2 protein chains.
Amino acid sequence: MSSIKYALLSLLAREPLSGYDMKQQMNGRVSFFYKINNNQLYPTLAKLEAEGLVRLESHERESYRPARKVYSITDKGVEFLKDWVLEADEPRALDDFMLKQYNSWLVEPEAMIGVLRAKRTEHEERLRIYRAKIAGFREQQAVFPGRDPLFSSIAVIEMGIRNEESYIEWCDRVIEALGRDEI
Amino acid sequence: MSSIKYALLSLLAREPLSGYDMKQQMNGRVSFFYKINNNQLYPTLAKLEAEGLVRLESHERESYRPARKVYSITDKGVEFLKDWVLEADEPRALDDFMLKQYNSWLVEPEAMIGVLRAKRTEHEERLRIYRAKIAGFREQQAVFPGRDPLFSSIAVIEMGIRNEESYIEWCDRVIEALGRDEI
DNA sequence: GCTTGCATGTAAGCCGTTACATGATTTT
DNA sequence: AAAATCATGTAACGGCTTACATGCAAGC
């Protein structure tokens, strides 16, 4: 039900990793700006192992530290993930920023313009990060067939870019309307 | 913490409503396509009342039915909502569809094209709904100053329109790339 | 006669968040 | 001397979902 198990499988479908690695890679891959916490991560990994979707590959103790447990995805895990990819997905949860906008009429226009300018800056920053990321990917290889993980990574980031661009355009439009006092 | 309380306050900031009304209005207003359930709705309303952010306005029993409890927002509730609007918001949860796309390389391109075409159709449908909604709003009034609820409603729907448009463009682009086997 | 609509609510269980715990090494 | 890094995990709490419960009226 929860999408965290799929997020973990998504990372392992590309390369074997430890729980700690997955935590690091979560941002910058599956979703930038999303932070997983330990109490989701470790019990979920244990469950995935119990279900045979994931296998403990190595368990190397390095002197003082807790043993680093590297997991890899099983064939069953890959099938499970593929089936999920083809499923229809459920409606998304409420978007807090949009909910706030729905109430913007309660607030002084000047204050609202301040909020929107801050948002605009934030989304410009994200856009810059996405563009840098995609440029890096494109250097790695000239042609990406449909079954290459890079193909998927690029597609996801392109969606991010489009979203940020339309967000920024929208901010500009609303800021301008608030300045004119009409839309 | 949870955004449901703000969603309920958002509706009550515009007009007094019963819990049942809020459930109906949730879709088509704050967020299309999101469904609130009873066990969030009624206890949350009770809490809002206990906190003095909301007031029971009438409690009309109509023969056989449970009494219809109409709530209105208090001044304290409006202040609370305004303060929240000006707060910075937290990073969003994982987007299931994007997570699926991140794994598209595991799936046969033909199957993926099928999924994307279905998504495209779904988002075209949403776009049609948003455009109809905004056309309806624009008929109601010629000019909308910044402090009018209609201003906010229109801004939210315009964001929806932009999002759907870029989603559709992105689907087209990826479908085309999958057909060519490159991006 | 069955389903849908109106209108409120509760119970059980899973999911997610914040905070805590351990403990040596490296960086500031 | 303090904080961050590596690396695993647990405890407590609150949020959210699914399902259930009531009960009459109107439409198919």
Side-chain angles (χ1 to χ4, degrees), chain A residues 1-9 11 16-27 30-31 33-51 54 56-71 89-96 99, chain B residues 1-9 11-12 16-28 30-31 33-51 54 56-71 89-96 99:
Chain A
M1 198 91 302
S2 159
S3 47
I4 281 110
K5 70 194 290 182
Y6 299 106
L8 298 179
L9 288 172
L11 295 172
L17 294 166
S18 73
Y20 190 84
D21 294 335
M22 290 181 228
K23 204 176 174 174
Q24 307 306 109
Q25 294 214 355
M26 211 65 170
N27 322 22
V30 169
S31 167
F33 321 112
Y34 171 77
K35 299 227 181 279
I36 193 169
N37 64 27
N38 293 349
N39 206 348
Q40 286 180 275
L41 180 59
Y42 292 107
T44 304
L45 264 176
K47 251 180 251 167
L48 288 172
E49 200 191 356
E51 291 168 17
V54 141
L56 188 57
E57 219 186 56
S58 71
H59 197 199
E60 278 148 35
R61 178 163 299 276
E62 196 193 314
S63 63
Y64 60 94
R65 282 187 207 148
R68 190 180 142 80
K69 294 165 80 172
V70 176
Y71 293 92
D89 36 33
E90 287 137 54
R92 297 213 60 189
L94 286 169
D95 179 335
D96 272 17
L99 195 48
Chain B
M1 195 97 302
S2 160
S3 46
I4 280 108
K5 73 195 289 183
Y6 299 105
L8 298 180
L9 288 173
L11 295 172
L12 293 178
L17 294 166
S18 71
Y20 191 84
D21 293 335
M22 289 182 226
K23 203 176 175 173
Q24 308 307 108
Q25 294 213 357
M26 210 67 171
N27 322 21
V30 170
S31 167
F33 321 113
Y34 171 78
K35 299 225 181 282
I36 195 169
N37 64 28
N38 293 349
N39 205 349
Q40 287 179 274
L41 180 58
Y42 293 108
T44 303
L45 264 175
K47 251 179 254 168
L48 288 173
E49 199 189 357
E51 291 166 20
V54 140
L56 187 58
E57 220 187 56
S58 70
H59 198 198
E60 279 149 34
R61 179 164 298 278
E62 196 194 313
S63 64
Y64 60 93
R65 283 186 208 149
R68 190 180 143 81
K69 295 164 81 172
V70 176
Y71 293 91
D89 37 33
E90 288 137 54
R92 296 212 59 188
L94 287 168
D95 179 336
D96 273 16
L99 195 47

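Predicted, not measured: the structure shown is a model, and the values here were computed from it. Residue numbers begin at 1 in each chain, while the letters A, B, ... track the order of the sequences.
One interatomic measurement links the two molecules: CD of Gln24(A) to C1' of dT8(D), which rounds to 13 Å at whole-angstrom precision. One interatomic measurement links the two molecules: CG of Leu45(A) to C1' of dC15(C), which rounds to 16 Å at whole-angstrom precision. Separating the NZ atom of Lys69(B) from the P atom of dC6(C) is a distance of 19 Å, rounded to the nearest angstrom. Straight-line distance from the OH atom of Tyr71(A) to the P atom of dA7(D): 14 Å, rounded to whole Å. Taking atom NZ of Lys35(A) as the reference point, atom P of dT18(C) lies 12 Å away to the nearest angstrom. Protein atom NZ of Lys23(A) is 14 Å distant from nucleotide atom C1' of dA4(D), rounded to whole Å. dT8(C) atom P lies 11 Å from atom CG of Leu17(B), rounded to whole Å. Atoms OH (Tyr42(A)) and C1' (dC15(C)) sit 19 Å apart, rounded to a whole Å.
The OG atom of Ser31(B) sits 11.0 Å away from atom CD1 of Ile36(B), with the distance rounded to the nearest 0.5 Å. We find the CD-CG distance between Glu57(B) and Leu12(B) to be 9.5 Å, quoted to the nearest 0.5 Å.
Between Ser2(B) and dG14(D) there is no side-chain polar atom (N or O) within less than 4.0 angstrom of OP1 or OP2. For Gln40(B), no side-chain nitrogen or oxygen approaches OP1 or OP2 of dG15(D) to under 4.0 Å. Of the side-chain N and O atoms in Tyr20(A), none sit less than 4.0 angstrom from OP1 or OP2 of dT8(D).
For Tyr20(A) against Tyr42(A), the heavy-atom pair with the smallest separation is N-OH, 4.0 Å. Smallest separation of non-hydrogen atoms from Ser3(A) and Leu99(B): O-CD2, 3.7 Å.
Interface remark: the Asn38(A) side chain does form a donor-acceptor pair with the dT8(D) base, using a distance-only criterion of under 3.5 Å.
Place Asn37(B) and Lys47(B) on DNA chain D by their nearest nucleotides, and Lys47(B) ends up nearer the 5' end.
By the 4.5 Å heavy-atom criterion applied to side chains, Asp96(B) and Glu90(A) are not counted as neighbours. Taking the side chain as every heavy atom from C-beta outward, Leu45(A) and Met22(A) approach each other to under 4.5 Å. Contact annotation: the side chain of Leu17(A) never approaches that of Gln24(A) to less than 4.5 Å [non-hydrogen atoms, C-beta and beyond].
Nucleic acid contact class of Leu41(B) (heavy atoms, under 4.0 Å, all strands): none.
For Arg68(A), whose side chain is taken as the heavy atoms from C-beta onward, the closest listed nucleotide among dG5(C), dT8(D), dG15(D) is dT8(D).
Taking a pair as Watson-Crick or G-U with both hydrogen-bonding distances under 3.5 Å, the stems of three or more pairs touching DNA chain C are C:1-28 with D:1-28.
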